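Worth saying up front: this structure is predicted, and the values here are computed from it rather than measured. Just so you know, residue 1 is the first one in the sequence shown, and it goes up from there. We count ligands from 1, going down the list as the structure has it; atoms in each ligand are counted the same way.
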Amino acid sequence: MIPFVDLAAQYNSLKTEIDRAIADVIGNSAFIRGPAVAAFEREFAAAVGARHAIGVASGTDALNLAIRALDLGPGDEAITVPNTWISTVYAVSHVGARPVFVDIDPATGQMDADKLERALSPRTKAVIPVHMFGHPAPMDRITAICRARGVSVVEDIAQAPLAEVQGKKVGSFGDLACYSFYPSKNLGCYGDGGAVATDDDALAKRVRCLADYGQTERFRHAMVGWNSRLDTLQAAILRVKLPRLAGWNEARRARAKRYGELLAGLPIRLPREAPWAKAVYHLYVVEVDRRDECLAFLRTSGVMAQVHYPACVHLQPCYAELGYRPGDFPAAEAAKDRILSLPMYPELTEAQMRTVADALAAFVRRG
Ligand SMILES: Cc1ncc(COP(=O)(O)O)c(C=O)c1O
């Protein structure tokens, strides 16, 4: 069986360090806001090239806090893509603002900057590009469009830490950058975790305050906030893993390249990296005919492929009131029926990749 990700393989390679980090936290009983949290925030900010990083409870919370920090509310609109994980959109809804979608560029699966330009309205207060699958969104164009109109940019980097656009890291383009440390992410902890990064001192202060019950000092609540903190145990685990992130991303890129060689010649569409992009392959997403049949065939063959995601957010029942219809975003809607995420993780072996490629070839040949 080829798992979709293999978290045990990664743990085994780091076991001594991780076990020691966990034991230290337990030994110190510094479970909440222990020293590992501040240390990780400093190290993570340096790794992603931001002035500030604030550890929070999840990627979902990172988005919620970022949108709230920008003061979006009823009457405002925020634009994102329909092929994202739903948390991106919930962040807009939870402050009472209206989510607006733009279609993706079918070549990259990312926000189509031309369509973004047409979707902006006088009510648009923020744009949330999502670096889907680990491939960056076209941030040069998106930020140029937004800056010209005074629209804020919140980057959803849950799937793409350290990806680059023209040699510049994602997260350094927008006003705020939101990260998820969900266990299977490129940098994953052993539960939920997330971070908001920014160069803006005032926004950093607001996010930190909102995440800490809205406190500006102990027992003084200046804003209606939340309790959203990165757990000390998770921070300690993340400190062990962070120095490996760049190497793991390179291992993912090498495996993407190898998949490309093994799958060349099959009538399936392989992921392509735009000439301006450096992707970090959180997911390796191919497009196939008869996707559901193919997925079932692979699983029967022991290849645990997945689909990210089988439905578009604008057509989810919870968003019926927004009034979108099938056909509104043809590129995203066409892709959702064809996309298939193959097993991808830094420890994936040559033999495992061959098994995946052989199973896909067998499906295609079977007709
Ligand atoms: C694009 C995207 N945004 C947001 C999230 C939410 O992150 P979390 O699961 O840490 O809440 C995820 C991952 O689940 C994601 O893939």
Ser87 heavy atom under 4.0 Å from ligand 1 = yes
Is it true that Lys185 lies under 4.0 Å from ligand 1, counting heavy atoms only?
-> yes
Report yes if Leu63 has an N/O atom closer than 3.5 Å to an N/O atom of ligand 1; otherwise report no.
-> no
Centres of the Phe44 and Phe181 rings: under 6.0 Å?
-> yes
Do Val100 and Tyr324 come within less than 4.5 Å of each other through their side chains, counting heavy atoms only?
-> yes
Atom 5 (C) of ligand 1: nearest protein contact (heavy atom, Å) = Trp85 CD1, 3.5 Å
Establish, from distance only, whether the side-chain atoms of Ser121 and Glu77 form a donor-acceptor pair under 3.5 Å.
-> yes
Minimum-distance protein heavy atom relative to atom 3 (N) of ligand 1 | Asp156 OD2, 2.7 Å
Given the options Ile79, Val154, Val102, Val127 meets side chain to side chain contact (heavy atoms under 4.5 Å, CB included) only with Ile79
Per-atom filter on ligand 1: closer than 4.0 angstrom to a heavy atom of Val130 are 1 (C)
Taking the non-hydrogen atoms of Tyr90, is any one of them nearer than 4.0 angstrom to ligand 1?
-> no
Given the rule in the ring-ring contact (aromatic ring centres under 6.0 Å, His included) test, do His308 and Phe4 qualify, once you have shown the distances and angles that lead to the verdict?
-> CA-CA 12 Å; His308 299 87; Phe4 184 67; 5.5 Å; yes
Can Glu321 and Arg98 be counted as an ion pair, charged N to O under 4.0 angstrom?
-> no
By number and element, which atoms of ligand 1 are closer than 4.0 Å to a non-hydrogen atom of Thr84?
-> 1 (C)
Side chains of Tyr213 and Arg229: closer than 4.5 Å at any heavy-atom pair?
-> yes
When distances are taken from atom 16 (O) of ligand 1, the protein heavy atom at minimum range is Gln159 NE2, 2.9 Å
Can you tell which part of Asp61 has a heavy atom less than 4.0 Å from ligand 1: side chain, backbone, both or neither?
-> neither
Contacting atoms of ligand 1, where contact means under 4.0 angstrom from a heavy atom of Tyr309 | 16 (O)
Return a yes/no value for Asp192: is any of its N or O atoms, backbone included, closer than 3.5 angstrom to an N or O of ligand 1?
-> no
Which residue supplies the protein heavy atom nearest to atom 11 (O) of ligand 1, what is that atom called, and how far is it?
-> Thr60 OG1, 2.5 Å
How about His282 and Trp248: are their ring centres within less than 6.0 Å of each other?
-> no
Got an N/O contact under 3.5 Å between Tyr182 and ligand 1?
-> no
Starting from atom 15 (C) of ligand 1, locate the nearest protein heavy atom and write down its residue, its atom name and how far away it is, to 0.1 Å.
-> Ala158 CB, 3.4 Å
Among side-chain atoms of Asp19 and Tyr11, is any donor-acceptor pair under 3.5 angstrom?
-> yes
Select one of side chain, backbone, both or neither to describe which atoms of Tyr179 lie under 4.0 Å from any atom of ligand 1, heavy atoms only.
-> neither
Using modelled atom types only, decide if a donor and an acceptor are shared between the side chain of Glu287 and the backbone of Arg338 within a distance under 3.5 Å.
-> no
